[in-house]
Amino acid sequence: MNFLLLTYDSCRYDVLVEAQTPVLDSYAPIHAAQTPANFTYPAHHAFFAGILPNTSDNRPYHNRFCRQLLGLTEVGEGRVVKDALIQVSSEWNLVAGLRNQGFQTVGCGAMNWFRQKTLHAGFDHFQWTGRGARRQVRFLLDHLQPNRPFFGFINFGETHFPFSFEGKIDRCEVDVRARAMTWPPAESGPVGRDCPGYAHQVAAAEFLDRCLPVLFSALPGDTLVILTADHGECFGEDGYLGHGFNHPKVLEVPLAIFRLDRVSIDA
């Protein structure tokens, strides 16, 4: 089996549900899950240790307490990891463990955090790309050999403020980054779905859906895809903007897990 981890940076669960995503919808439903961290860097470190966003539903792989998908052994809570679908050991992370077991490991990241070498560990090929979903897809496909097991990874940045993507003309008219908050936080103006930033993130998610067919069609059918977000985003709820703090809208993320050949993954 091959693995492909896709993260829509900063993408809220309710945004991805509302977005028109016919490609993703054709493969699997989107579940609400809780991320292990509230900003890019620690969230991806957790993902690379096998700690993915967790649903409250008793569903294998979506809820690691039911059954974990990827487990890094001899660290953390071994009781959970022992039933993982794939188990690896490494002194570094899950990616390195998969590479040690013969998997190709190829990834690229949009956000500046991926300039940090600690997020590159274990990858045979990795590139900090900045935003550019189509360029990222091309990088992955150029470096993967589909006839060998692989772990592929892309961190897409279009769903992160300023929600820019190829062909987009209009700009988000409000700054929804955490740095724009006043302290103490206090609601003012449109919030949530009524905040202009919400619609811009919806549009970015719809753009990413249009980028998926090129990627999916080039990969083997037994590729298991984990599509999620590292964290969500506040659009003015309770006076909060952006992320980097614990708020329900920051901690709630979308999660979809499926095989490209649409074979059921239920244990």
Side-chain angles (χ1 to χ4, degrees), residues 4-13 15-16 18-21 23-24 30 35 37-45 47-48 53 106-120 123 125-144 152-180 195-216 218-219 225-235 241-244 250 253-254 256:
L4 176 65
L5 173 60
L6 305 176
T7 59
Y8 285 16
D9 207 284
S10 308
C11 189
R12 287 166 51 136
Y13 165 72
V15 162
L16 194 55
E18 180 166 335
Q20 297 298 307
T21 55
V23 177
L24 176 57
I30 302 166
T35 180
N38 61 32
F39 68 103
T40 301
Y41 187 70
H44 283 89
H45 272 297
F47 298 169
F48 294 160
V106 179
C108 53
M111 307 316 297
N112 282 334
W113 285 111
F114 287 96
R115 293 181 173 184
Q116 299 298 118
K117 290 184 178 180
T118 50
L119 285 177
H120 300 180
F123 283 98
H125 303 282
F126 192 92
Q127 185 177 77
W128 172 74
T129 56
R131 289 180 184 83
R134 298 190 196 280
R135 182 171 67 253
Q136 291 177 302
V137 168
R138 189 75 267 151
F139 177 85
L140 204 72
L141 297 180
D142 285 346
H143 289 85
L144 284 178
F153 166 72
I154 301 179
N155 162 253
F156 291 115
E158 281 79 358
T159 44
H160 187 289
F161 181 86
F163 316 116
S164 59
F165 54 85
E166 180 184 315
K168 185 182 181 188
I169 300 173
D170 57 326
R171 298 171 58 87
C172 185
E173 52 269 43
V174 297
D175 189 345
V176 296
R177 292 175 294 179
R179 68 188 68 177
C195 173
Y198 186 100
H200 283 270
Q201 192 176 76
V202 166
E206 293 176 345
F207 167 78
L208 290 178
D209 197 68
R210 297 193 292 273
C211 296
L212 295 180
V214 171
L215 177 61
F216 289 173
L219 298 178
V225 179
I226 306 107
L227 191 150
T228 189
D230 48 352
H231 54 79
E233 195 90 319
C234 271
F235 290 127
L241 295 171
H243 52 269
V250 172
V253 296

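Residue numbers run from 1 in the order of the sequence given.
- Under the 3.5 Å distance criterion, with hydrogens and angles disregarded, no donor-acceptor pair is assigned to the side chains of Tyr198 and Glu233.
- Note that the CG atom of Asn155 and the CH2 atom of Trp128 stand 11.5 Å from one another [nearest 0.5 Å].
- Between Asp175 and Leu241 the shortest side-chain heavy-atom distance does not fall below 4.5 Å.
- Contact annotation: the side chain of Phe235 approaches that of Arg12 to within less than 4.5 Å [non-hydrogen atoms, C-beta and beyond].
- Taking CG from Leu24 and CG from Leu208, the interatomic distance works out to 10.5 Å, rounded to the nearest 0.5 Å.
- Heavy atoms of other residues, nucleotides or ligands lying less than 6.0 angstrom from CD of Gln20 number 12 at most.
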Inset, instruction - Determine, stepwise, if the pair Leu4 / Ile226 fulfils side chain to side chain contact (heavy atoms under 4.5 Å, CB included). - result: CA-CA 6 Å; Leu4 176 65; Ile226 306 107; over 6 Å; no

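- Heavy atoms only, all atoms of each residue included: His160 and Ser10 are closest at CD2-OG, 3.0 Å.
- Closest heavy-atom contact between Cys211 and Ala133: SG-CB, 3.9 Å.
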Inset, instruction - Please assess Cys11 against Asp9 for the test side chain to side chain contact (heavy atoms under 4.5 Å, CB included), listing each intermediate value before the final yes or no. - result: CA-CA 6 Å; Cys11 189; Asp9 207 284; over 6 Å; no

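- Scanning both residues, Ala205 and Ala19, for their nearest heavy atoms gives CB-CB, 4.1 Å.
- Judged by distance alone, the side chains of Asp230 and Thr40 do bring a donor and an acceptor atom under 3.5 Å apart.
- Looking at Arg131, its side chain does come within 3.5 Å of a backbone N or O of Gly157 through a donor-acceptor pair.
- Taking the six-membered ring where the residue is Trp, His143 and Phe139 present tilted rings, their angle falling between 30° and 60°.
- For the atom pair CG (Leu119) and NZ (Lys117), the distance works out to 13.0 Å, reported to the nearest 0.5 Å.
- The minimum heavy-atom distance between Leu141 and Val214, with the atom names listed, is CD1-O, 3.9 Å.
- Heavy-atom minimum distance, Val253 versus Pro53: CG2-CB, 3.7 Å.
- Under the 6.0 Å cut-off for aromatic ring centres, Phe163 and Phe165 do not qualify, their centroids lying 6.0 Å or more apart.
- Rounded to the nearest 0.5 angstrom, Ile154 CD1 and Thr129 OG1 are separated by 8.5 Å.
- Taken to the nearest 0.5 Å, the CH2 atom of Trp113 stands 9.0 Å off from the OG1 atom of Thr118.
- Taking CG of Leu5 as the start and CZ of Phe153 as the end, the distance is 5.5 Å to the nearest 0.5 Å.
- By the side chain to side chain donor-acceptor pair (under 3.5 Å) test, Glu166 is found to be paired with Arg134, residues two or more places apart in sequence or in another chain being considered.
- Side-chain atoms of Asp209 come within 3.5 Å of backbone N or O of Val23 as a donor-acceptor pair.
- Minimum heavy-atom separation, Gln136 to Ala110: NE2-N, 3.5 Å.
- Qualifying ring pair (Phe, Tyr, Trp, His ring centres under 6.0 Å) partners for Phe123, counting only residues two or more places apart in sequence or in other chains: Phe48, Phe126.
- Side chains of Glu173 and His200 form a contact here, defined as non-hydrogen atoms less than 4.5 Å apart.
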Inset, instruction - May I have the step-by-step check of side chain to side chain contact (heavy atoms under 4.5 Å, CB included) for Val250 and Cys234, ending in yes or no? - result: CA-CA 6 Å; Val250 172; Cys234 271; 4.0 Å; yes

Inset, instruction - Would you check, one step at a time, whether the test side chain to side chain contact (heavy atoms under 4.5 Å, CB included) holds for Leu227 with Leu16? - result: CA-CA 11 Å; Leu227 191 150; Leu16 194 55; 4.1 Å; yes

Legend entry - Test ring-ring contact (aromatic ring centres under 6.0 Å, His included) applied to Phe114 and His44, step by step: CA-CA 10 Å; Phe114 287 96; His44 283 89; 4.9 Å; yes

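- Ring to ring, His120 and His125 are not that close: their centroids are 6.0 angstrom or more apart.
- Using a 4.5 Å heavy-atom threshold, the side chains of Val15 and Thr159 count as separate.
- Listed by chain and number, the residues in a side chain to side chain donor-acceptor pair (under 3.5 Å) with Gln201 amount to none (sequence neighbours excluded).
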